[in-house]
There are 2 protein chains.
Amino acid sequence: MTRATPAEDACTNALPTAALGGPVSHAVSRVARLHRIAAGKVLKGVDLYPGQELLMMHLWDRGAVRQTELIKAMELDPSTVTKMLQRLEQTGHVRRRPDPADRRAVLVEATDESCALHTAVEAAWGSLEEHTLAGLDPAERTELVRLLAKVEENLCRETEDCPDRRRAASG
Amino acid sequence: MTRATPAEDACTNALPTAALGGPVSHAVSRVARLHRIAAGKVLKGVDLYPGQELLMMHLWDRGAVRQTELIKAMELDPSTVTKMLQRLEQTGHVRRRPDPADRRAVLVEATDESCALHTAVEAAWGSLEEHTLAGLDPAERTELVRLLAKVEENLCRETEDCPDRRRAASG
DNA sequence: AACTTTACCTTGGTCGGCCAATGAATGAGT
DNA sequence: ACTCATTCATTGGCCGACCAAGGTAAAGTT
């Protein structure tokens with residue numbers, strides 16, 4: 001269509017081709033990267049790496065849980081969670097013990113020291129959020145959340161990675 | 001049997017604390033992750049990993065460039081680009097040669113074989129973009145792009161990672 | 001009870017991405 | 001011309017994240 005000859009194309013655009021072919025995809029990548037960096041800076045004060053704070057929040061919120069719980073809640077790969085927990089345990093943020101009711105399961109909980117970070121982490125996230133949304137009025141923020149949710153839905157569908165989200169705990 | 005506390009079942013949907021404290025931050029993380037996965041699937045057909053396609057696009061677009069050029073254009077860490085290029089070289093997508101005009105620099109260019117992927121990659125990105133935006137009407141798409149750009153600006157500011165963007169290619 | 005399937009977690013590998021530190025060549029200052 | 005600073009690229013280490021494969025234990029089936 002737009003591009004017929006792959007071999008010869010000396011178009012000297014300032015805009016990357018990617019931005020033309022997929023502006024939103026491109027923007028998502030960039031925003032995500034910058035956001036992660038920003039998160040890293042904010043989290044440096046609490047001795048956490050980006051990503052870990054979500055796990056900790058879940059732990060603070062729910063208390064002792066099985067890893068499966070975390071995996072499902074955060075929709076991450078099991079191996080990812082395992083490794084995160086190993087590091088988190090090593091840094092003293094988390095404690096793991098075998099589940100007495102299920103010998104193949106592991107119970108995870110936040111350590112008391114980590115609980116001291118709870119407030120700081122939430123404050124950090126609040127500040128990160130505010131920074132991210134600086135200059136956007138409430139209507140824009142709402143709209144952004146709505147649109148992102150739609151996009152997430154779309155991507156979720158293809159990925160088929162969040163199938164049981166709707167029914168979390170049905171009897 | 002030892003299911004969980006009934007109180008937890010009450011707030012089923014398990015809105016993570018993170019979602020309350022930073023809905024957009026949370027959404028950005030999730031969307032980014034899903035988007036990356038989707039990109040991975042689309043790119044599997046062209047033997048590229050997510051992230052590499054942007055680099056290749058730049059190469060296809062600009063021809064032989066120095067790594068610095070890539071680093072600035074993609075706003076990535078130098079070491080990241082180095083490693084990406086090493087793998088890309090090993091998979092035959094890229095070729096590197098010393099810059100005759102500057103003995104500490106390296107010229108990078110896409111191989112001919114990789115050029116054959118050019119069209120496929122752009123098609124993949126197009127399809128990814130379309131998938132991402134499925135169900136959004138043109139107005140919503142525009143708005144999303146606009147809002148993401150604003151957010152990127154905000155994050156950029158703090159990060160101070162894209163200061164010289166205005167003067168991309170001079171001379 | 002014995003067998004089979006499923007669930008839970010771990011390990012090993014790969015990739016993108018970062019930071020910190022290093023080596024090599026250019027460029028600027030004196 | 002000789003320092004000194006800057007730039008270019010690489011290496012090593014680390015983390016998040018994925019997949020694939022494996023081992024153990026609990027359910028489900030016969």
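Predicted model, so just to flag it, every value in this text is computed and none were measured. We use all heavy atoms of the structure for the numbers below, so side chains are in, but hydrogens, waters and symmetry mates are not. In the text below, chain A, chain B and the rest are named by the order of the sequence lines, each starting its count at 1.
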Asker: Picking from D:dT10, C:dG17, D:dG16, which would you name as closest to the side chain of A:Met84?
Answerer: D:dG16
Asker: Considering only D:dA17, C:dT26, D:dC8, which nucleotide approaches the side chain of B:Ala105 most closely?
Answerer: D:dC8
Asker: Can you tell me how far P of D:dA17 sits from CZ of B:Arg33, to the nearest Å?
Answerer: 8 Å
Asker: For C:dG16, does either OP1 or OP2 sit under 4.0 Å from a side-chain N or O belonging to B:Thr80?
Answerer: no
Asker: Has the side chain of A:Arg104 got a donor or acceptor that lies under 3.5 Å from a partner of the other kind on the base of D:dT24?
Answerer: no
Asker: If you define the side chain from C-beta out and look only at heavy atoms, does anything of A:Arg62 sit under 4.5 Å from A:Leu70?
Answerer: no
Asker: Send over the distance from B:Lys83 NZ to C:dC18 P, rounded to a whole Å.
Answerer: 11 Å
Asker: Within the structure, does a side-chain N or O atom of A:Gln86 lie under 4.0 Å from either OP1 or OP2 of C:dT11?
Answerer: yes
Asker: Has the side chain of B:Glu129 got a donor or acceptor atom that lies under 3.5 Å from a matching backbone atom of A:Val24?
Answerer: yes
Asker: Let me know the distance between OH of B:Tyr49 and C1' of D:dA17, rounded to the nearest Å.
Answerer: 13 Å
Asker: C:dG23 phosphate, OP1 or OP2: any side-chain N/O from B:Arg103 under 4.0 angstrom?
Answerer: no
Asker: Does NZ belonging to A:Lys150 count more than 12 external heavy atoms closer than 6.0 Å?
Answerer: yes
Asker: Output the rounded distance in Å from CG (A:Asp99) to C1' (D:dT24).
Answerer: 15 Å
Asker: Could you check how far CZ of B:Arg87 sits from C1' of C:dT14, rounded to whole Å?
Answerer: 7 Å
Asker: Please check the phosphate of C:dG16 (OP1 and OP2 only) for any side-chain N or O of B:Gln52 closer than 4.0 Å.
Answerer: yes
Asker: How about B:Met84 and B:Leu76: do any of their side-chain heavy atoms sit closer than 4.5 Å?
Answerer: yes
Asker: Look at the side-chain N and O atoms of A:Arg36 and state whether any lies under 4.0 Å from the OP1 or OP2 oxygen of D:dG16.
Answerer: no
Asker: With a 4.0 Å cutoff (strictly under), does any side-chain N or O of B:Gln67 reach OP1 or OP2 of D:dT10?
Answerer: yes
Asker: What's B:Asp77 touching, base or sugar-phosphate or nothing? Going by heavy atoms closer than 4.0 Å.
Answerer: base
Asker: The side chain of A:Val106 is closest to which nucleotide in this list: C:dT10, C:dA25, C:dG16?
Answerer: C:dT10
Asker: In whole Å, what is the span from the CG atom of B:Leu55 to the P atom of C:dC15?
Answerer: 15 Å
Asker: With distance as the sole criterion, do the side chain of B:Ser79 and the base of C:dC19 form a donor-acceptor contact below 3.5 Å?
Answerer: yes
Asker: For a side chain to side chain contact (heavy atoms under 4.5 Å, CB included) check, start with the C-alpha distance between B:Asp47 and B:His93, then their side-chain angles and the critical distance, and finish with the verdict.
Answerer: CA-CA 9 Å; B:Asp47 193 40; B:His93 294 304; 3.4 Å; yes
Asker: Take the protein atom CG of A:Leu48 and the nucleotide atom C1' of D:dC15, then report the distance between them rounded to whole Å.
Answerer: 12 Å
Asker: Contact class for B:Thr68 (heavy atom, under 4.0 Å): base, sugar-phosphate, or nothing?
Answerer: sugar-phosphate
Asker: Look at all strands and tell whether B:Asp102 reaches a base, only sugar-phosphate, or nothing, counting heavy atoms closer than 4.0 Å.
Answerer: sugar-phosphate
Asker: What is the distance, rounded to the nearest whole Å, between atom CZ of A:Arg30 and atom P of C:dG16?
Answerer: 18 Å
Asker: When the ring planes of A:His35 and A:Trp125 are compared, do they come out parallel, tilted or perpendicular, using 30° and 60° as the limits?
Answerer: perpendicular
